[in-house]
There are 2 protein chains.
Amino acid sequence: MTQPAAHRRASIADVARAAGVSVGTVSNVLNRPERVLPATRERVEAAIDELSFVRNGSARQLRAGTITTIGAIVLDIANPFFTDVARGIEERLDRDDFTLMVASSDDDPDREQRYLRLFEEHGVQGVMVVPATHDIEHLLAVRRRGTGVVLLDRPSSDPGISSVAVDDVRGGELAARHLLDEGHTRIVFLNGPHTIRQCADRHEGVTKALAAAGLDPASALVEVTVTSLNAEGGEAAIRAILDSGNRPTAVFCVNDLVALGVLRTLRTENIAVPTEMAVVGYDDVAFAAELSTPLTSVRQPTHELGVRAADLLLSGPDTAAEHVMFQPTLVVRGSSSTSAS
Amino acid sequence: MTQPAAHRRASIADVARAAGVSVGTVSNVLNRPERVLPATRERVEAAIDELSFVRNGSARQLRAGTITTIGAIVLDIANPFFTDVARGIEERLDRDDFTLMVASSDDDPDREQRYLRLFEEHGVQGVMVVPATHDIEHLLAVRRRGTGVVLLDRPSSDPGISSVAVDDVRGGELAARHLLDEGHTRIVFLNGPHTIRQCADRHEGVTKALAAAGLDPASALVEVTVTSLNAEGGEAAIRAILDSGNRPTAVFCVNDLVALGVLRTLRTENIAVPTEMAVVGYDDVAFAAELSTPLTSVRQPTHELGVRAADLLLSGPDTAAEHVMFQPTLVVRGSSSTSAS
DNA sequence: GGTTCCTCGTGAAACGGTTCATAATGTAGC
DNA sequence: GCTACATTATGAACCGTTTCACGAGGAACC
């Protein structure tokens, strides 16, 4: 049974002809079946099956104008943080029978632009973007043209555009205060470059906690910049610190992968965690609790982040822009406290 | 500066009027700028900026017919396996300036259908699907209607539809043979339900390896079905086994999360890994190597899987269907061998 | 029997682009 | 000066839906 190579797909007119009705009737069967006599409807439905007709979405949308899809552009689709957020978005959209399409910009402004245009040209109701650039003028333009825009994981600098983010200053503060509470007086912070907003904010939080405890950040805080934010980066950084001979009693890592590298190194060096050195991570990834030394980490409400972002987009373009800031929480585990579970 | 509430977006006709040219000329500026006099072009471009005109993708596509987008429907966008595959797809598509949109079916046939229809109605060049059902008749129908279809992580049962998968029988075999090579004569296999193809295949592989070693699977293999394929599931399963008193020396887990639960339990029970009990996982997730007892695992070429799938889809509908089967490899680490790094 | 109302079905007008045959203008060749 | 031809610009047809004013045919009521 050879299928016709590239035959034109059946149109509504073909169906109408086959069923002996008008195109309007076919359209009614498709969209308001209750308005058409059962007998007629069945005839049309038979013709649809017969021709294996599939609506042309472009034509439909061109005429009808609206579409119940929203797009999301994240930095990296392989990053658990973003996929967890995406799950939250999906869950919320499902309730309103919206569909979600995800694309990843790979932190490349050009790719972000490309997907943004693609989504806009296809008339999505809105887009959620984790901006790859500091400047969001292009997003404001999209907003002005009538497409909903919500900034993800980034507080909006513009009153006209909604945003959903997590308080990274607070996150840094929580981690540092916990370490201080545990009796440490000097903290090493393995952080990413300050060009990444999250990193700069977390640094600010740490500084704040130290100051609140009456410590001078200049001496009580040692910040080390980790180039690659993964286990290898963490390993290299902690090794350099150990080699320096000035061994700290507490290390705060900008994310859990970096913390993983630190834990691994400490283990091979036979440095006991948390008694000789306490370690705190960030993100509370799924396996943080599963490590042989369960990792204390700053948890971000990823799921709620997504749900809330979807909420804002679905609330329509008429409601005022809203800026939601979630608060992170600290999950204390064995890597930083002997009294933890 | 209040923006017009829901003003109609500027159309090509508006631009033409503003620039004092015809719609055809505007279209030419957009699509074949070299055919229009620089002076005219500039006038049109100025009008486009002025009106902040954005092409209507639906109208464009309705007339032009084609679109350089492909869709992917995976089971769970939060599963690292699928996102790694997605990265591979993206990389390959980028070379041809195609764009990828990802949706997750959540293993729900209805959602799969919904996204499938959405993609088809919008005329994507092709879809990649990890089918949620055993039956793929609906995918064949899509294929017959002219949209490219490639099965992901699932060998095709139909000669007309391409597929890209990993040999799970071989994966099971590799893991089992490794454990036998390490001197074990009885293996406990914490597997998922056999309704999941991958699970059934891996079981077959294990059986094969045992038979090849001259062992009787009936006595040398104990298969335990894990209900939830995560750390909690693994923990519950291994605990039941320990409680039974018939402690094995080797455990093979259907994925790394299950293995994680096992490792955690063995640690709290003070059972040494790998000397008292060897553990092997599956998927070789990013953190497998980072655990304090690095986990031996079966690695699947996720990235290549994605690249190849994209290859097949881009090769066009005229080329014959192809069935690509990748081979997994075993990564030996400390959880199963004392001689491993 | 005439009026009103209701139910179904019709067909043509949008929607906003792309494409193509054609026209208008200029340039070169003889 | 005339033909031949290239270069630009034009505008109408078309893509496949949805929508809506309208008509046809009954049924119900006075």
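Values below: all heavy atoms of this structure, side chains included; hydrogens, waters and symmetry mates excluded. Order of the sequence lines sets the chain letters (A, B, ...), proteins ahead of strands, with each chain counted from 1. Note that the structure is a prediction, hence the values are computed from the model and not measured.
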Next item on the list: Using the salt bridge (charged side-chain N to carboxylate O under 4.0 Å, His left out) rule, collect all pairs that involve residues 93-104 of chain B, keeping only residues at least two apart or in two chains.
Entry: A:Arg111-B:Asp94, A:Arg114-B:Asp94, A:Arg114-B:Asp97, B:Arg92-B:Asp96
Item checked: Residues which pass salt bridge (charged side-chain N to carboxylate O under 4.0 Å, His left out) with A:Asp76, listed by chain and number, not counting sequence neighbours -> B:Arg87
Margin query: For a 4.0 angstrom threshold against heavy atoms of chain A, report the outermost contacting nucleotides of DNA chain C in 5' to 3' order.
Written below: C:dC8 to C:dG16
Notebook entry, point to check: B:Glu120: what forms a salt bridge (charged side-chain N to carboxylate O under 4.0 Å, His left out) with it, not counting sequence neighbours?
Noted result: B:Arg145
Next item on the list: Under 4.0 Å from any atom of DNA chain C, heavy atoms only: list the residues of residues 34-49 of chain B that qualify, in numerical order.
Entry: none
Checklist line | B:Gln300 side chain to B:Asp153 side chain, donor-acceptor N/O pair below 3.5 angstrom | finding: no
Margin query: Run the side-chain contact (heavy atoms from CB on, under 4.5 Å) test against B:Ile67 and tell me which residues pass, sequence neighbours left out.
Written below: A:His122, B:Gln61, B:Thr69
Next item on the list: Report yes if the side chains of A:Phe119 and A:Gln125 come closer than 4.5 Å at any heavy-atom pair, otherwise no.
Entry: no
Checklist line | Sequence neighbours excluded - salt bridge (charged side-chain N to carboxylate O under 4.0 Å, His left out) pairs with any residue from residues 16-33 of chain A | finding: A:Asp14-A:Arg17
Checklist line | Base versus backbone protein contacts along nucleotides 11-18 of chain D [heavy-atom cut-off under 4.0 Å; B, S, -] | finding: B-BBBBBB
Donor-acceptor contacts, no H, no angles, side chain residues 39-55 of chain A, under 3.5 Å, sequence neighbours left out:
unit_1, atom_1, unit_2, atom_2, d
A:Arg43, NH1, A:Ala19, O, 2.7
A:Arg55, NH1, A:Asn31, OD1, 3.3

Next item on the list: Specify the angle, to 10°, made by the local axes at the two ends of the helix from C:dG1-D:dC30 to C:dC30-D:dG1 when five pairs are taken at each end.
Entry: 50°
Notebook entry, point to check: In chain order, what residues pass the salt bridge (charged side-chain N to carboxylate O under 4.0 Å, His left out) check against A:Arg197, with sequence neighbours excluded?
Noted result: A:Asp168, A:Asp201
Item checked: B:Arg35: partners by salt bridge (charged side-chain N to carboxylate O under 4.0 Å, His left out), with sequence neighbours left out -> none
